[in-house]
> 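Questions regarding the structure given below will be posed in turn.
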Protein chains: 2
Amino acid sequence: MLAVDRRKNDFLYQQVIDLIRMEIDSGALRPGDRLPSLRRLAKNLDVSIPTVKQAYEELERQGHVESRPQSGFYVLARIRNALVRPPARASSEPVEVSCRNLVEQVYDGIHQPGVVPLGIANPSMARPAAKALHRTMKRVMARAEQRSVGYAPVAGEPGLQRQLAFRYLDLGGAVRPQEVVVTNGCQEALALALNAVARRGDVVAVESPTYSGTLELIESLGMLALEIETCPTEGLCLDALEHALGQQSIRACVFSSSLNNPLGSATDDDHRQRLVELLESYRVPLIEDDVYGDLRFDGRRGKPAQFFSRRGLVLTAGSFSKTVAPGYRIGWLLPGRFTDQVLKLKRALSYSSGLLQQLTLAEFMGSGEYDRHLRQLRPVLKLNCERMAALVAEHFPANTRISQPAGGSVLWLEMTSNFDSAAYFQRALDAGISVAPGAIFSPGNRYRHFVRLSFGHPWGDRLAQAVRTLGELAST
Amino acid sequence: MLAVDRRKNDFLYQQVIDLIRMEIDSGALRPGDRLPSLRRLAKNLDVSIPTVKQAYEELERQGHVESRPQSGFYVLARIRNALVRPPARASSEPVEVSCRNLVEQVYDGIHQPGVVPLGIANPSMARPAAKALHRTMKRVMARAEQRSVGYAPVAGEPGLQRQLAFRYLDLGGAVRPQEVVVTNGCQEALALALNAVARRGDVVAVESPTYSGTLELIESLGMLALEIETCPTEGLCLDALEHALGQQSIRACVFSSSLNNPLGSATDDDHRQRLVELLESYRVPLIEDDVYGDLRFDGRRGKPAQFFSRRGLVLTAGSFSKTVAPGYRIGWLLPGRFTDQVLKLKRALSYSSGLLQQLTLAEFMGSGEYDRHLRQLRPVLKLNCERMAALVAEHFPANTRISQPAGGSVLWLEMTSNFDSAAYFQRALDAGISVAPGAIFSPGNRYRHFVRLSFGHPWGDRLAQAVRTLGELAST
């Protein structure tokens, strides 16, 4: 039975899209079938005709239906691309990381003026919060003129620590404000955490594939990375981790347990609890990169791994960079039992983080604007994801496999095994488009034939055209 | 011949003060002498009577003269305190640093609400630039709304890199914008620099006394510190350094060659050139902490040590934290031949620095407001320095020795040898005043009987009263 729910946060037209897609996926509507007329569906669902029209046009953009003049909208035949495959179980030996030269080229490419930046994961840009943030910041400037240019305390502005603690309280965990250390983005949070628990030469377990910034950090600190198989749908493979723990001396793990980048796979609380129990039974600290935790499309938010910790060996890192303001460089770390070490490191390595931004974000959270922004951002990201996946399905080679992310802002594409993503990166850049080549997501070079595309942008023709162009480049 | 110069940036009344003090110092005016009447001096100098009155009142506050009702102003007898003594030449062995617990107490004390913060060196607060900065930031927000919340490039916002390069050009050195790496304050600049040139276990030479943040950093990185004698007036003792280079394997030096903190001693270009030549002959990298370079009272600005480098082994670090906005957390590093390593480290350790602040500071420099601000800040700091030194001379024990800083925002006081600055720190804090105990400025605990006081505050009764209270506490 088709029905929309006005209490849900999704736009009505998005609900209409979901209903039609469900009908297509279930086989109720088959290729060649005509969709109900605008008028009829509007009446049935008790929504306006323009709402249905918007939904149908969007479904057409996504490649699910086509409009035929004077006739209506018809369901298209469509090749459903398989999910990205789990990687073949490769031998897991710790390796020195040396991906930085390619990473450097990628970032240079991203910052070239005029390039369509599909290589950078920047979800907040899909629905920018700049106007609301600036409004808040101006209030802060007026209220705390002198103070706002002064030093913040090393651990962070107490108002922001409090807001962050409240948030964890909403998730059912008791975090005291003074247990939150404010950092220069999630990257510094990870750096402080790794510095606190491991040293040069130590082995650090990472997901495979894993975020390139984590690998760069491990390389910078002279540590070794050990890749642990990670499933495109269920997240880190606990069996593989247990096997590795038995074989190797692992000093620490850095896992993005809520939502993997680039896979987009999410894990549930039960998985996270088993992960923590396993690691703590081996006394191995877990650094949880939770930077995408607030960006699951369904708005569900698992408990941070730290909530399941009994020994205080879990450090959870988060950030505002993916949700509102990358350029504010404000993240945070819950350092568990390592709080004293982390505070000393923070003071020594960068003293403190920007106060004006901290005051602004504290107010932005306290006023409810942050949550409102997240509720608006998630459906936009979900829609962008579907649009981009549809374009990839249409324009990339037929054997391209596409991830089905549970959130975040990236698609992870598996090409044929002889595909060279580093060369592809260069060709795309020559065409004015940046992509993230798979090679940078594995120290063992397991993902040479993968490409990561970001849909964290305001949707538009330029973006759609870029994906089409990328498809052509991948086909030649 | 008394004369004021209206083209100088000093306030006229400050020039009058300088003239009278010169007369007193030279013996032309002696204790008990009556100063010229307001009317007469105003006529002679061609300034207004209120200007002379302001100068006389200030001289009274500084303890140089006293006013006698219906009679005028009279020169006071005054004990001139000797300069801080150069430290006795102690045996120089590299030592593990472990000053952090005391440093922690100091910073906790500073951030306690209601405490008079004489323990923190925060010169920009003596004449805050918040209003002008906020005006600039609002313009940037309006002009670059979306962009300003986004990621800055890893090396920094090109506009700011350019402004910083221009500044070095003014000093006669050719620095290309891409040779400037923007950092999270000077502390991160030092951290990147040390990480680029040295490793755990290496020996790092520092000035004695040296800034506690440098020692904390060395401790965090597991390096050893070697103290090199530093003269209260001429800066680092080159003979002592040469001796140490011959004896030890020194991996790097961190010196604040333009203006030492806490001594306030300045060095000239010739000294800096000989320093660089000496170090490069031993192939030892020099990390130059130039954070106070713009804050010499006389506005003179030596060439950075890097300009004298022939081998590219000098890395120069600077910041806006001491001049305009500590809370912006924007500093920079000229990494010399280590630019590639430093950029990799920057990306791995914190990715990039705040964009909105960088755009704001670039505009603040480009419009000339930064230089204007410096011209206004320096005389305020100089005046505060004289006021505080006068109060210390009056209220501290007679055998207290006082530094005569060439700039910056701190006085360095040497007490009798049995004085315990850590205990004093606690007693001062109990009285609602923070000071920086000498112990935190030396890994070898050479300065246990020293105290550092900051005059980087808007002057007022509360501050003056705090110095009097500190004097009483030091006398009991």
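Keep in mind it's a predicted model, so treat the numbers as computed, not measured. Below, all heavy atoms of this structure are taken into account, side chains as well, without hydrogens, waters or symmetry copies. Chain A is the first sequence line, chain B the second, and so forth, proteins listed ahead of strands; every chain is numbered from 1.
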> Which heavy atom in B:Ala130 sits nearest to a heavy atom in A:Gln146, and how many Å separate them?
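That closest heavy-atom pairing would be CB-OE1, 3.7 Å.
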
> Could you tell me which portion of A:Leu194 (side chain, backbone, both or neither) has an atom closer than 4.5 angstrom to a non-hydrogen atom of chain B?
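No part of it gets close to chain B.
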
> Relative to chain A, which segment of B:Ile218 carries a heavy atom at a distance below 4.5 Å: side chain, backbone, both, or neither?
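Neither part.
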
> Specify the closest pair of heavy atoms between A:Val324 and B:Val149, including all atoms of both residues, with the distance to one decimal.
O-CG2, 4.3 Å

> Does the pair B:Arg200 and A:Arg200 meet the rule for a side chain to side chain contact (heavy atoms under 4.5 Å, CB included), with working shown?
CA-CA 9 Å; B:Arg200 183 171 288 274; A:Arg200 183 172 289 274; 6.0 Å; no

> Any chance you could lay out the side chain to side chain contact (heavy atoms under 4.5 Å, CB included) test for A:Met137 and B:Met141, step after step, and finish with the verdict?
CA-CA 10 Å; A:Met137 188 176 270; B:Met141 285 173 172; 3.0 Å; yes

> Looking at B:Ser321, B:Pro128, B:Gly327, B:Ala189, which has the largest count of heavy-atom pairs under 4.5 Å with chain A?
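With the most close heavy-atom pairs to chain A, the winner is B:Gly327.
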
> Just so I understand: if I count every heavy-atom pair under 4.5 Å between each of A:Gly185, A:Gly213, A:Ala325 and chain B, which residue has the most?
A:Ala325

> What part of B:Met125 gets within 4.5 angstrom of chain A, counting heavy atoms only: side chain, backbone, both, or neither?
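B:Met125 touches chain A through side-chain heavy atoms alone.
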
> Decide yes or no on side chain to side chain contact (heavy atoms under 4.5 Å, CB included) for B:Arg329 and A:Ser352, but give the supporting numbers first.
CA-CA 8 Å; B:Arg329 308 310 300 129; A:Ser352 64; 3.7 Å; yes

> So which of A:Gln187, A:Lys138, A:Gln358 has the largest heavy-atom pair count under 4.5 angstrom toward chain B?
A:Gln187

> Non-hydrogen atoms of chain A under 4.5 Å away: do they reach the side chain of B:Ala191, the backbone, both or neither?
side chain

> Can B:Glu219 and A:Lys344 be counted as an ion pair, charged N to O under 4.0 angstrom?
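Answer for the salt bridge query: no.
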
> Highest number of heavy-atom pairs under 4.5 Å with chain B: which of A:Ser148, A:Gly354, A:Gly150, A:Gly222?
A:Gly150

> Quick check on A:Ser353 against chain B: is it the side chain, the backbone, both or neither that has a heavy atom closer than 4.5 Å?
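Backbone only.
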
> Give, as side chain, backbone, both or neither, the part of B:Arg147 having an atom under 4.5 angstrom from any heavy atom of chain A.
neither

> Does any heavy atom of chain B fall under 4.5 Å from the side chain of A:Leu349, the backbone, both, or neither of them?
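Contact with chain B: backbone and side chain both.
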
> If you round to the nearest 0.5 Å, how far is OG of A:Ser350 from CG of B:Leu217?
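One finds 10.5 Å between CG of B:Leu217 and OG of A:Ser350.
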
> Non-hydrogen atoms of chain B under 4.5 Å away: do they reach the side chain of A:Gln357, the backbone, both or neither?
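Just its side chain gets close to chain B.
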
> What are the two closest heavy atoms between A:Ala348 and B:Ser220, and how far apart are they?
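Closest approach of A:Ala348 to B:Ser220, heavy atoms only: CB-OG, 3.1 Å.
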
> Step by step, work out the side chain to side chain contact (heavy atoms under 4.5 Å, CB included) result for B:Tyr351 and A:Glu188.
CA-CA 8 Å; B:Tyr351 189 67; A:Glu188 193 191 52; over 6 Å; no

> Counting only non-hydrogen atoms closer than 4.5 Å, does A:Arg199 touch chain B with its backbone (N, CA, C, O), its side chain (CB onward), both, or neither?
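For A:Arg199, the side chain is the part near chain B, not the backbone.
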
> Could you grab the distance from atom CG of B:Asn195 to atom CG of A:Leu221, nearest 0.5 Å is fine?
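One gets 7.5 Å once the value is rounded to the nearest 0.5 Å.
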
